[in-house]
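Contents: one structure, followed by commentary.
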Amino acid sequence: EDNKTETVTVPEDSQASDVYFKDDVLKIDMATIKITGSEVAPPNTDYGEEKSTLIITYDFTNDSDDVLSPGTAWMACFTATQETDTTVDALNVAASPADEKYTQMNEVSYTDVKPGATVQAVISYEINDTTKPITLKATQGVGGQDLGEKVFNLQ
C-alpha cells in the first residue's frame with residue numbers, strides 16, 4: 001500500500017486572525033471598532049422621542065488608506081435586534097443622544113476620519129421593549145461573514 005502524503009498550503013492572508021469580533025473589538029480589513037460603553041436612556045420627550053434608546057460609545061480606528069466615517073463603518077458591520085415572544089425585530093437607529101457628554105462623539109460619528117487616526121464616536125438604537133435583551137451582531141461589512149455578537153441585558 002502506498003503511503004501518500006497530501007500537502008495543503010493556506011495563504012497567509014486567509015488565516016482567521018485578520019477579521020474578528022471578540023472582547024468588544026471588531027477588526028475588519030478597513031477599520032477597528034472597540035465598544036467602550038453603553039447605557040439606556042429614557043425617551044427624550046423634548047425631541048418627540050417615544051422609545052428609550054440604547055446608547056453605545058466606541059473607538060473607531062481607520063485602518064484603510066482612505067478617509068472613512070465611523071458611523072458608516074458601524075452601520076455596515078453591526079445590526080441590533082431584539083426578540084419578543086413571537087418575533088425578532090431589527091432595531092432602528094435612534095436620533096443622536098442629546099446629552100452634552102456625547103456632543104463631540106456625535107459630531108465625529110459621520111465625519112471623514114483620516115487613515116491611521118482613532119476617534120471616539122457614538123450610536124444609539126431605539127429600544128422596543130426595555131425588559132428584553134438586545135443582540136448586537138457583527139459581520140464583515142454588509143451581508144458579510146458573521147463574526148460574532150454581543151448581548152446587552154437592559155435590566
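Proximity of a side-chain donor or acceptor of Thr72 to a complementary backbone N or O of Leu68 within less than 3.5 Å is not detected. Formation of a donor-acceptor pair under 3.5 Å by the Asp89 side chain with backbone atoms of Leu91 is not found in this model. No donor-acceptor pair closer than 3.5 Å links the side chain of Ser69 to the backbone N or O of Asp112. In this structure, Glu149 contributes its side chain and Lys137 its backbone to no donor-acceptor pair below 3.5 Å. Looking at Thr45, its side chain never comes within 3.5 Å of a backbone N or O of Gly48 through a donor-acceptor pair. Judged by distance alone, with hydrogens and angles left aside, the side-chain atoms of Thr36 form a donor-acceptor pair with the main-chain N or O of Thr57 at under 3.5 Å. Between the side chain of Asn44 and the backbone N or O of Asp46, at least one donor-acceptor pair lies under 3.5 Å.
Checked by atom type, the side-chain pair Lys51/Asn128 shows a donor-acceptor distance below 3.5 Å. With no hydrogens or angles considered, no side-chain donor-acceptor pair links Ser124 and Thr53 at under 3.5 Å. Looking at Asp66 and Ser64, their side chains never bring a donor and an acceptor atom within 3.5 Å of each other. In this structure, a donor-acceptor pair under 3.5 Å is present between the side chains of Asp63 and Thr32.
Under the rule for a ring-ring contact (aromatic ring centres under 6.0 Å, His included), Tyr102 has no partner lying at least two apart in sequence or in another chain. For Ser52, the side-chain hydrogen bond (donor to acceptor under 3.5 Å, both in side chains) test picks out no residue, with sequence neighbours left out.
Annotation for Met30 and Asn62: closest pair O-OD1, 3.6 Å, computed over non-hydrogen atoms. Of all heavy-atom pairs spanning Phe78 and Leu136, the tightest one is CD2-CG, 3.6 Å.
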> Going through the checks in order, is the side chain to side chain contact (heavy atoms under 4.5 Å, CB included) test met by Asp59 and Val119?
Replying inline: CA-CA 6 Å; Asp59 290 342; Val119 296; over 6 Å; no
>> Assess the residue pair Val122 and Asn106 against the criterion (side chain to side chain contact (heavy atoms under 4.5 Å, CB included)); give the C-alpha distance rounded to whole Å, side-chain angles, the decisive distance to 0.1 Å, and a yes or no.
In response: CA-CA 6 Å; Val122 63; Asn106 279 328; 3.1 Å; yes
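Hydrophobic clustering of Ile, Leu, Val, Met, Phe, Trp and Tyr side chains at less than 4.5 Å, counting indirect connections, unites Tyr125 with Ile127. Met105 and Val25 are not part of a single hydrophobic cluster, where members link through side-chain heavy atoms under 4.5 Å apart.
Under 4.0 Å is where a charged nitrogen must lie from a carboxylate oxygen, and between Lys150 and Asp24 at least one such pair does.
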